[in-house]
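Worksheet: one structure, shown below.
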Number of protein chains: 2
Amino acid sequence: MNSDFTLAVHSLTYLALQPDRMSTSDCISESAGVHPVRIRKVLSLLKKHGFIKSKEGTGGGFIFTLELSEVNLWDIYMLTSEGALQPRCPDSNEQCIVGANMKRVLFTIFLGAEEHLGEYLKNYTIKEVVDLVNQEQNSGCD
Amino acid sequence: MNSDFTLAVHSLTYLALQPDRMSTSDCISESAGVHPVRIRKVLSLLKKHGFIKSKEGTGGGFIFTLELSEVNLWDIYMLTSEGALQPRCPDSNEQCIVGANMKRVLFTIFLGAEEHLGEYLKNYTIKEVVDLVNQEQNSGCD
DNA sequence: AAAAACTGTAATGTTTATTATTACACTATG
DNA sequence: CATAGTGTAATAATAAACATTACAGTTTTT
């Protein structure tokens with residue numbers, strides 16, 4: 001799966017830990033290890049769907065607008081990666097019964113697979129992700 | 001997901017419909033719409049795991065060795081695409097609590113997701129795929 | 001025994017997708 | 001009005017997927 005998903009989760013988790021002030025795309029991009037423009041692109045999508053708000057100008061940035069438990073990984077998957085599970089199907093030979101129908105058969109099967117994935121991912125909200133990040137941090141060897 | 005999965009399923013379905021004679025990589029590649037070398041590469045993997053056998057030389061090719069219901073889509077996913085569900089994680093900043101732990105947290109979550117996908121994909125054997133292909137063919141408008 | 005029809009696989013080239021970078025318009029703050 | 005931000009389009013660079021070429025090895029046919 002494409003890394004927009006990871007960047008969205010990463011950004012939201014970052015914002016979750018800064019609930020009282022705005023975070024800039026520069027800060028987030030430094031944490032995520034990618035270019036600030038990509039962060040702004042991903043966050044612009046999250047903003048459009050009401051998960052966060054942004055403010056331009058000095059002192060501006062991004063901040064969470066919802067409760068952490070109101071956003072789950074399925075929401076984010078749908079925004080950033082819907083259809084990513086579908087295997088690629090080269091254009092095949094329509095004269096052959098297999099070639100003519102395989103694409104649709106696999107499409108249908110993986111539509112079901114994506115629904116199942118949804119049920120699983122709905123169990124993880126940003127709150128859970130924050131908790132898991134903290135757990136990892138504490139269990140880390142040093 | 002990468003198209004090796006599709007090509008493997010496509011090839012096996014093709015072989016399922018030719019149970020009595022060997023099929024060449026040329027025939028299969030024409031049905032699947034890709035280069036014969038790719039088919040041979042994918043089939044070489046399926047052979048290594050005992051799903052099919054091959055024979056070189058004139059009159060050679062590939063043929064199923066198992067019952068159609070003994071091979072399911074999870075088997076094929078594992079061979080061709082294990083880990084494909086994992087979202088890409090750019091190397092992030094280890095100094096930041098989010099950057100330092102996000103990768104592992106997501107990895108763990110998607111390991112679980114892949115297990116769930118497995119339970120779903122095990123429900124589809126090549127036999128079911130053949131049936132679905134036939135259904136599609138018959139329900140086609142013309 | 002030589003030609004023809006195959007598989008097996010490595011090496012290389014091409015195309016496509018992903019990601020980074022640049023550029024700049026726009027907005028808010030001090 | 002300078003500074004620090006977002007928003008977004010256009011372009012460049014990199015990486016992944018895929019096609020192609022090349023050729024060694026194996027059977028069958030003649």
Side-chain angles (χ1 to χ4, degrees), chain A residues 1-8 10-11 14-15 18 21-49 51-65 80-84 86-93, chain B residues 1-8 10-11 14-15 18 21-49 51-65 80-84 86-93:
Chain A
M1 193 198 316
N2 123 4
S3 74
D4 283 1
F5 174 86
T6 300
L7 293 177
H10 191 119
S11 302
Y14 188 98
L15 295 182
Q18 307 284 336
R21 52 169 164 161
M22 302 211 114
S23 306
T24 68
S25 61
D26 262 43
C27 289
I28 302 170
S29 78
E30 196 173 340
S31 164
V34 299
H35 200 278
V37 170
R38 270 193 83 197
I39 293 294
R40 296 209 286 273
K41 226 178 274 178
V42 170
L43 292 191
S44 134
L45 199 66
L46 294 177
K47 180 189 173 185
K48 197 180 299 176
H49 288 79
F51 299 140
I52 59 174
K53 65 184 178 191
S54 70
K55 195 178 154 200
E56 302 183 12
T58 303
F62 302 88
I63 196 166
F64 235 109
T65 47
T80 60
S81 313
E82 187 179 2
Q86 289 289 341
R88 292 198 187 156
C89 290
D91 290 340
S92 50
N93 187 342
Chain B
M1 195 197 314
N2 125 3
S3 75
D4 283 1
F5 174 85
T6 300
L7 292 177
H10 192 118
S11 301
Y14 188 98
L15 295 182
Q18 307 284 335
R21 52 169 164 161
M22 302 211 114
S23 306
T24 68
S25 61
D26 262 42
C27 288
I28 301 171
S29 79
E30 197 173 338
S31 165
V34 299
H35 200 278
V37 170
R38 270 193 82 198
I39 294 293
R40 296 208 286 273
K41 226 177 275 178
V42 169
L43 291 191
S44 133
L45 201 63
L46 295 177
K47 181 189 174 187
K48 197 179 301 176
H49 288 78
F51 299 142
I52 59 174
K53 65 183 177 192
S54 70
K55 195 180 155 200
E56 303 184 10
T58 303
F62 302 88
I63 196 165
F64 235 109
T65 46
T80 61
S81 313
E82 187 180 2
Q86 288 289 342
R88 292 198 187 153
C89 289
D91 289 341
S92 50
N93 187 342

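Every chain is numbered from 1, with letters handed out A, B, ... down the list of sequences.
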Mind checking side-chain hydrogen bond (donor to acceptor under 3.5 Å, both in side chains) for [X] and listing every partner two or more places apart, or none if nothing turns up?
X: B/K55; value: none
X: A/Q18; value: A/R21
X: A/S3; value: A/R38
X: A/R40; value: A/S25

Could you tell me from which nucleotide to which nucleotide of DNA chain C, 5' to 3', there is an atom under 4.0 Å from chain B heavy atoms?
C/dA4 to C/dT19
From [X] atom [atom1] to [Y] atom [atom2], the distance as rounded to the nearest 0.5 Å:
X: A/L15; Y: A/S23; atom1: CG; atom2: OG; answer: 5.0 Å
X: B/L45; Y: B/L7; atom1: CG; atom2: CG; answer: 12.0 Å
X: B/S44; Y: B/F62; atom1: OG; atom2: CZ; answer: 8.0 Å
X: B/C89; Y: A/M1; atom1: SG; atom2: CE; answer: 9.5 Å

With a 4.0 Å heavy-atom cut-off, tell me which residues in residues 23-36 of chain A come close to DNA chain C, sorted by residue number.
A/V34, A/H35
In this structure, how many angstroms lie between the [atom2] atom of [N] and the [atom1] atom of [X], rounded?
X: B/I39; N: D/dT20; atom1: CD1; atom2: P; value: 13 Å
X: A/R40; N: D/dA4; atom1: CZ; atom2: C1'; value: 11 Å
X: B/F5; N: D/dC18; atom1: CZ; atom2: P; value: 14 Å
X: B/D4; N: D/dA19; atom1: CG; atom2: C1'; value: 13 Å
X: A/L46; N: D/dT6; atom1: CG; atom2: P; value: 14 Å
X: A/I52; N: D/dG7; atom1: CD1; atom2: C1'; value: 13 Å

Testing A/V42, A/L43, A/V37 one by one against A/I39 for a side-chain contact (heavy atoms from CB on, under 4.5 Å), which residue passes?
A/L43
I'd like a table of atom pairs between the protein and nucleotides 14-17 of chain D - only N or O on both sides, under 3.5 Å - with the distance next to each one.
| from | atom 1 | to | atom 2 | distance (Å) |
| --- | --- | --- | --- | --- |
| D/dA17 | O3' | A/R88 | NH1 | 3.3 |

Taking ring-ring contact (aromatic ring centres under 6.0 Å, His included) as the definition, give me every residue that meets it alongside A/F64, ordered by chain and number, with sequence neighbours left out.
none
In chain order, what residues pass the ring-ring contact (aromatic ring centres under 6.0 Å, His included) check against B/Y14, with sequence neighbours excluded?
none
Atom pairs under 3.5 Å, N or O on each side, protein against nucleotides 25-30 of chain D: can you list them with distances?
| from | atom 1 | to | atom 2 | distance (Å) |
| --- | --- | --- | --- | --- |
| D/dG25 | N2 | B/E56 | OE1 | 3.3 |
| D/dT26 | O4' | B/E56 | OE1 | 2.6 |
| D/dT26 | O2 | B/G57 | N | 3.3 |
| D/dT27 | O2 | B/T58 | N | 3.3 |
| D/dT28 | OP1 | B/K55 | NZ | 3.0 |

Heavy atoms only, 4.0 Å cut-off, all strands: where does B/K47 land among base, sugar-phosphate and nothing?
sugar-phosphate
Using heavy-atom distances to pick each residue's nearest nucleotide on DNA chain C, tell me which of B/P90 and B/F62 is more 5'.
B/F62
Side chain to side chain contact (heavy atoms under 4.5 Å, CB included) against A/Q86, all qualifying residues, sequence neighbours excluded:
A/F107, A/F110, A/L111
Sorted by chain and number, sequence neighbours left out, side chain to side chain contact (heavy atoms under 4.5 Å, CB included) with B/D26 holds for B/T24, B/P36
